[in-house]
Amino acid sequence: MTREEKEAYEWYKDRLSMPICFKELSQEECDAYNEEYPLPSEEDVSKILKEAGY
């Protein structure tokens with residue numbers, strides 16, 4: 001993975017970790033959401049970036 005791809009992946013993870021709203025969620029709710037919508041792997045992000053021409 002190139003430096004640009006790694007930076008894009010780190011930026012993507014940072015954006016996903018930002019709160020969308022200020023409502024506090026229980027740890028169980030967070031865990032359930034993270035199970036249902038896992039973060040893509042570095043390989044997945046690399047593939048998406050290559051398909052997009054980056």
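Every value quoted in this text rests on a predicted model; they were computed, and no experiment measured them.
Salt bridge status for Glu10 with Lys6: absent, with no side-chain N to carboxylate O gap under 4.0 Å.
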**Report entry** Steps toward salt bridge (Lys or Arg N to Asp or Glu O under 4.0 Å) verdict (Glu7, Arg3)
**Finding:** CA-CA 6 Å; Glu7 286 177 3; Arg3 183 181 60 80; 2.6 Å; yes
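Lys13 places a side-chain heavy atom less than 4.5 Å from the side chain of Tyr9.
No continuous path of ILVMFWY side-chain contacts below 4.5 Å connects Leu39 to Tyr33, so the two sit in separate hydrophobic clusters.
The distance from the CD atom of Glu51 to the OG atom of Ser46 is 10.0 Å, given to the nearest 0.5 Å. Rounded to the nearest 0.5 Å, atoms OH (Tyr12) and CG (Asp44) are 9.5 Å apart.
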